[in-house]
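First up is the structure itself, then whatever we jot down about it.
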Amino acid sequence: MKYSSWVTLACIVLLGGFLRFYQISSNPPGLYIDEAAIALNAHDILTTGHDQYGTFYPLSFRSFGDYKMPGYIYLTALSMSIFGATDFAVRFPSAFFGTATIVVLFFLMQSLLQAAKKTKPYATQTALISAGLLAILPWHIHFSRGGFETSVALCIYLTAILVGIKYWLNKRTWFLVGAVILLALSQYTYHTYRIIAPLTAIVTLSFAFYKKHTKKQMLIGFLCFMLASLPLILFSFTAAGHERLSQTSAFTETPASQLIPPPLADGLMFVSNYLNLFSITSFFHYGDQINRHQIEHFGLLYLWQLPFIIAGIYFLTKTNNQLLRFTTLFLLLIAPLAPSIAKPVPHTLRFLLAVIPLTMLTSLGILQMLLIKKRFITWFFGGIGVIAVFSFIWYLNAYFITYPKDTQLDWGGKCKEVAMVIKNEAKNYDHVIVDKNLPCWQEYFSFYVPDVRVTIVPVEWKKPTKWEKGSTLLIRTYYGNKNPDGLIETVHLTNVNRDIFAQFIKL
Amino acid sequence: MRIVLLISIAFVELFALSKWLSCRLFTDLFYFTPQMMTARLIHDLNANQELPLTLNRLLHNKVIYFLWGSAQTYLQYWDIRFLKAFVGIVGAIGIILGIWYIVTKFYRRLLLWILIGLVSIFCFIELFLQPIYPFIMKLIVLGVFFQGISLFGYWHFLAGSKKLRYGFIIVLMLLSILTLLLFPQGYSLYCISS
């Protein structure tokens with residue numbers, strides 16, 4: 001690879017890193033509840049070696065009646081040991097692995113394109129386009145900036161695919177071992193990969209067997225995967241192991257029909273969900289309409305990518321590079337499998353893997369268009385270039401200025417503010433009480449003000465008579481009275497009306 | 001055999017379309033109105049007050065919002081969730097195939113581009129002039145063109161009598177019928193009933 005290509009790659013990674021780390025502690029505005037739970041567990045692991053429920057270095061973390069995979073929590077504990085118990089430390093693993101994914105995608109595309117003579121001359125340029133695209137892609141930036149486990153899992157999974165491709169090309173056993181171990185590791189990071197990783201291992205090993213790779217290597221690969229997955233397999237057979245699936249299963253919503261037997265109806269539900277994930281409005285307009293998952297009305301991808309994605313598919317049908325075709329289509333088709341069996345659909349967080357094949361297709365589409373040696377292509381790229389630059393600036397404006405203001409209630413920024421006021425005021429009170437209607441969970445207070453005992457109470461709560469002598473601080477949501485008796489402080493939302501988020505009342 | 005299959009596909013698509021007869025209007029998803037544009041524009045201008053005024057107006061103005069909003073709303077007509085409800089799974093896949101063949105194989109045939117152009121223009125008329133045409137007329141026009149593209153797609157997909165493709169289409173037809181039976185109200189997400 002030329003020196004200039006290395007410099008370009010470095011610039012792309014720097015840009016990607018900047019977009020993922022800049023103002024990461026304050027935008028998204030506050031830790032959302034799952035991040036707060038991760039932070040609390042990581043802090044407990046770091047300080048005591050036990051989780052919230054007293055289990056010593058657990059394999060799965062109990063949280064809100066659900067069980068979280070351990071990977072992200074242990075990584076956060078590591079991050080906290082360096083950066084302290086801060087919002088930055090909670091999001092650092094996601095942003096770091098998100099940035100690393102750009103590098104992995106570059107080498108993956110380069111390896112795939114170098115696998116055939118015809119595509120080899122374009123390998124580095126196209127790989128650079130892929131990396132550059134991923135660096136600025138709204139979908140990937142968004143999930144790399146929050147404490148989302150899926151961002152880390154995606155990077156590990158993609159590295160497994162890269163190492164697997166290296167094995168495919170070189171047939172060295174240690175590449176195979178590395179690939180299957182990484183695949184197994186991705187399962188420990190996010191639930192979606194508990195379905196995708198074993199399927200990938202099965203498909204890859206089956207193809208290797210079909211292509212007459214040595215049986216010994218196949219056996220080693222299989223055993224390594226099983227061995228690395230063994231704790232998770234054993235966990236999957238416990239009640240906690242399938243808790244997640246039973247909670248999020250899409251099949252609980254399958255309509256009852258007298259004409260269609262239940263298993264067939266579930267199958268139809270799956271097919272319907274699978275197709276729904278390829279919704280064009282989801283990609284370019286609404287996303288999944290969960291404000292934590294994208295900017296409203298912006299979509300997950302840039303609209304200008306659409307013609308290139310079509311051109312990319314065309315490129316794949318024409319190319320003689322079978323490895324490139326197989327890998328891209330495999331990633332595109334396997335990505336919706338796990339999200340299809342869960343609700344709601346579409347769900348951009350669970351479907352994040354699709355960002356990789358869609359980026360690959362866009363870059364292949366750009367390559368396909370560049371290969372057309374006609375004058376109008378220059379004009380076409382000029383036009384698209386202007387739109388692309390404007391879209392990017394527009395995205396930056398929407399993400400860094402509008403988004404934090406619009407989504408204060410979707411994230412937990414105001415709960416942090418409430419916790420900080422509690423931190424200052426708590427020393428003056430014997431009891432600190434939080435009204436249940438205030439959208440701040442116990443985890444926020446346990447993480448931000450661990451030294452203060454905060455009790456969450458129902459709306460009808462009355463101050464007990466035995467507390468009469470002491471002083472009590474009540475934090476409640478706004479109930480229509482701007483100046484209730486004993487009001488000492490108000491936390492406002494940063495919207496035009498400055499609506500009241502929380503009132504601090506001395507009882 | 002190819003003709004028989006195409007006729008069967010047409011019937012399945014008509015079965016899906018027949019459910020739309022109880023509709024009066026598409027839902028808001030399909031329309032881009034000046035009110036929506038203005039509301040979004042005012043919201044964004046207010047949120048960006050700390051920017052210099054020129055930059056704020058350069059990023060947030062009626063021209064950009066009109067182009068952006070109408071392009072995004074236009075996509076709704078090509079969304080797989082809508083197409084599945086409109087002409088069934090088999091119809092939706094057929095439309096994708098039809099467009100694929102027009103773009104990749106028959107890009108020099110003017111007539112086909114006119115077909116796509118007509119659907120596109122119809123969607124745009126629907127987008128901006130929403131209430132002036134009777135819904136049944138919109139259904140017929142949109143249904144006929146979508147069916148046309150879908151059947152064109154399958155006609156070329158089945159060329160060369162590949163058995164596997166025949167089997168694939170039969171499976172798609174079965175899936176369409178069963179899905180339409182399982183989700184009989186699927187269309188109601190996209191239209192307001194009379």
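Order of the sequence lines fixes the chain letters, A, B, ..., with proteins taken first and strands second; residue numbering starts at 1 for each chain.
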| Run the side-chain contact (heavy atoms from CB on, under 4.5 Å) check on A:F298 and B:Q72 step by step: do they pass? | CA-CA 9 Å; A:F298 203 92; B:Q72 282 186 322; 5.8 Å; no
Under 6.0 Å from the [atom1] atom of [X], do we count more than 12 heavy atoms belonging to anything else shown?
X      : atom1 : result
B:D28  : CG    : no
B:F11  : CZ    : no
B:L164 : CG    : no

| Taking the inter-plane angle between the rings of A:Y314 and B:W100 on a 0 to 90° scale, is it parallel (under 30°), tilted (30 to 60°) or perpendicular (over 60°)? | tilted
| said: Within residues 261-287 of chain A, which residues come under 4.5 Å of chain B, heavy atom to heavy atom? | reply: A:L264, A:A265, A:L268, A:M269, A:V271, A:S272, A:L275, A:N276, A:F278, A:S279, A:I280, A:T281, A:S282, A:F284, A:H285, A:Y286
| said: Heavy atom to heavy atom, less than 4.5 Å: which residues from residues 395-402 of chain A reach chain B? | reply: A:N397, A:I401, A:T402
| said: Taking every non-hydrogen pair under 4.5 Å, which of B:E50, B:Q76, B:R40 racks up the most with chain A? | reply: B:R40
| note | Comparing B:L55, B:L182, B:I80, B:L175 against chain A, the one with the most heavy-atom pairs below 4.5 Å turns out to be B:L182
| note | When the 4.5 angstrom heavy-atom criterion is applied to A:L306 and chain B, the contacting part is side chain
Measure the [atom1]-[atom2] distance between [X] and [Y] for me, rounded to the nearest 0.5 Å.
X      : Y      : atom1 : atom2 : answer
B:L59  : A:I393 : CG    : CD1   : 7.5 Å
A:K405 : B:N46  : NZ    : CG    : 9.5 Å
A:D406 : B:D44  : CG    : CG    : 7.5 Å
A:H297 : B:H43  : NE2   : NE2   : 9.0 Å

Side chain from CB out, backbone as N, CA, C, O: work out which of these in [X] comes under 4.5 Å of a heavy atom of chain A, or both, or neither.
X      : result
B:F183 : side chain
B:L174 : neither
B:L29  : both

| query | Which atoms form the tightest heavy-atom contact between B:I64 and A:W394, and what is the distance? | reply | CG2-CZ2, 3.9 Å
